[in-house]
Amino acid sequence: MKILLVDDEPLARQRLKRMLDAHPHCSLVGEAGDGEQAIRQCQALAPDLVLMDIRMPGIDGLQAARHLALLEQPPAVVFCTAYDDYALEAFEASAVDYLLKPVQADKLATALERAGRLNRVQLAGITGVARETGGRSHISARSHRGVELVPVSEVRCFIADQKYVTALHPGGELLLDESLKELENEFPDRFARVHRNALVALAHVQGLERLDGGHVRVRLSGLEEGPLVSRRMLPALRRLLSDL
């Protein structure tokens, strides 16, 4: 079984590495110090199991697990943490086990055995029900390049088109499977609805532009063309922008 260790504390990784030496059927294929590195390593190394801390800088373990669920062949995830108040969120993020630090050898052995019994089809089923809880720091989507990550702070707007939503940012765009309503509920203080098919990032609004025919468009930093504002939502948007 190929294993990736993810922890921002090198000493914690070293301790787990020593414990893994007692399991000849396990092979350590890599290490990472935060969630974003973990996602990159998983795409490159395709581990069977990720032993991951929860509290880490940047993308934490819970967020990383939800992004890993998008991989074509997602790894099993076992959280190793010093805190016992994340268990519910951990299993909502499709973890197969939850170990408290300092990790005990017998508990680790049980977790490895449990993860080893799961085949790829079962893992795909488990990760398929992962839920996004709380506001993320990054959004992600699967493409031909693997899982792509974009910081939410870089997103200028979300545009809905039939059953897909596109996140526009200065570096390009990301096609999401989530609905506009789900994104609006997750980021109520960061994005405002300006049309039935558009949310805009309030932090990047530079103003409103009146077009021919009485239409109004939002000007967003980093984008050549922002979305149109519906007449019904224009007064509320103006009030919102005046309060910023």
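Being a predicted model, the structure only gives us computed values, none of them experimental.
A salt bridge links Lys101 with Asp7: at least one charged nitrogen is closer than 4.0 Å to a carboxylate oxygen.
Ring planes of Tyr98 and Phe79: perpendicular class, angle over 60° (limits at 30 and 60°).
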Item checked: Ile3/Leu16 under side-chain contact (heavy atoms from CB on, under 4.5 Å): CA gap, chis, key distance, verdict -> CA-CA 11 Å; Ile3 296 177; Leu16 280 174; over 6 Å; no
Next item on the list: Report the C-alpha distance between Val152 and Phe187 in whole Å, list the side-chain angles of each, state the deciding distance to 0.1 Å, and finish with yes or no for side-chain contact (heavy atoms from CB on, under 4.5 Å).
Entry: CA-CA 9 Å; Val152 174; Phe187 305 110; 3.9 Å; yes
Next item on the list: Test Leu20 against Leu112 for side-chain contact (heavy atoms from CB on, under 4.5 Å), laying out the working first.
Entry: CA-CA 10 Å; Leu20 288 173; Leu112 294 175; 4.0 Å; yes
Checklist line | Criterion side-chain contact (heavy atoms from CB on, under 4.5 Å) on Leu45 and Lys2, from CA distance to verdict | finding: CA-CA 9 Å; Leu45 302 172; Lys2 297 187 296 182; over 6 Å; no
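Across all non-hydrogen atoms, the minimal contact from Leu71 to Pro74 is O-CD, 3.3 Å. Nearest heavy atom pair, residue Tyr164 against residue Leu175, reads CB-CD1, 3.7 Å. For Gly226 against Arg217, the heavy-atom pair with the smallest separation is O-NH1, 2.7 Å. Shortest non-hydrogen contact noted between Ala82 and Leu100 is C-CD2, 4.4 Å. Taking each heavy atom of Ser137 and Ile59 in turn, the nearest pair found is OG-CG1, 4.1 Å. Nearest approach of His169 to Leu223, heavy atoms of both residues: O-CD2, 4.1 Å.
The line from CZ of Arg232 to CZ of Arg196 is 10.5 Å long, rounded to the nearest 0.5 Å. For the atom pair CG of Leu180 and CG of Asn185, the computed distance is 10.0 Å after rounding to the nearest 0.5 Å. The CZ atom of Arg238 lies 13.0 Å from the CG atom of Leu240; values are rounded to the nearest 0.5 Å. Rounded to the nearest 0.5 angstrom, Leu28 CG and Leu4 CG are separated by 7.5 Å. Atom OG of Ser27 and atom CG of Leu49 lie 12.0 Å apart (nearest 0.5 Å). Glu184 CD to Glu186 CD: the interatomic distance, rounded to the nearest 0.5 Å, is 12.0 Å.
Residue Val205 is not grouped with residue Leu228 when hydrophobic side chains (ILVMFWY) are merged at heavy-atom distances under 4.5 angstrom, including chains of intermediate members. By the criterion of side-chain heavy atoms lying less than 4.5 angstrom apart, applied directly or through intervening Ile, Leu, Val, Met, Phe, Trp or Tyr residues, Phe158 is not grouped with Met233; the two fall into different hydrophobic clusters.
Here the side chains of Pro227 and Leu220 are in contact, with some heavy-atom distance below 4.5 Å. Put simply, the side chain of Leu199 does not reach to within 4.5 Å of the side chain of Val165, judged on heavy atoms. A 4.5 Å side-chain heavy-atom check between Leu51 and Val103 finds every atom pair outside the cut-off. Using a 4.5 Å heavy-atom cutoff, the side chains of Leu237 and Val216 are not in contact. By the 4.5 Å heavy-atom criterion applied to side chains, Leu202 and Leu241 are counted as neighbours. In this structure, Lys17 and Leu5 have side chains that are in contact, with non-hydrogen atoms separated by less than 4.5 Å. Counting heavy atoms from C-beta on, the side chains of Leu149 and Ser140 come closer than 4.5 Å. Side chains of Ser153 and Arg190 form a contact here, defined as non-hydrogen atoms less than 4.5 Å apart.
A donor-acceptor contact shorter than 3.5 Å is absent between the side chain of Glu154 and the backbone of Pro151. The main-chain N or O of Ser221 is found under 3.5 Å from a side-chain atom of Arg156 such that the two form a donor-acceptor pair. The closest donor-acceptor contact from the side chain of Gln43 to the backbone of Val147 lies under 3.5 Å. Remark: the backbone N or O of Glu148 is not paired with any side-chain donor or acceptor of His67 at under 3.5 angstrom. Judged by distance alone, the side chain of Asp60 and the main-chain N or O of Gln63 form a donor-acceptor pair under 3.5 Å. A donor-acceptor contact shorter than 3.5 Å links the side chain of Gln41 to the backbone of Glu31.
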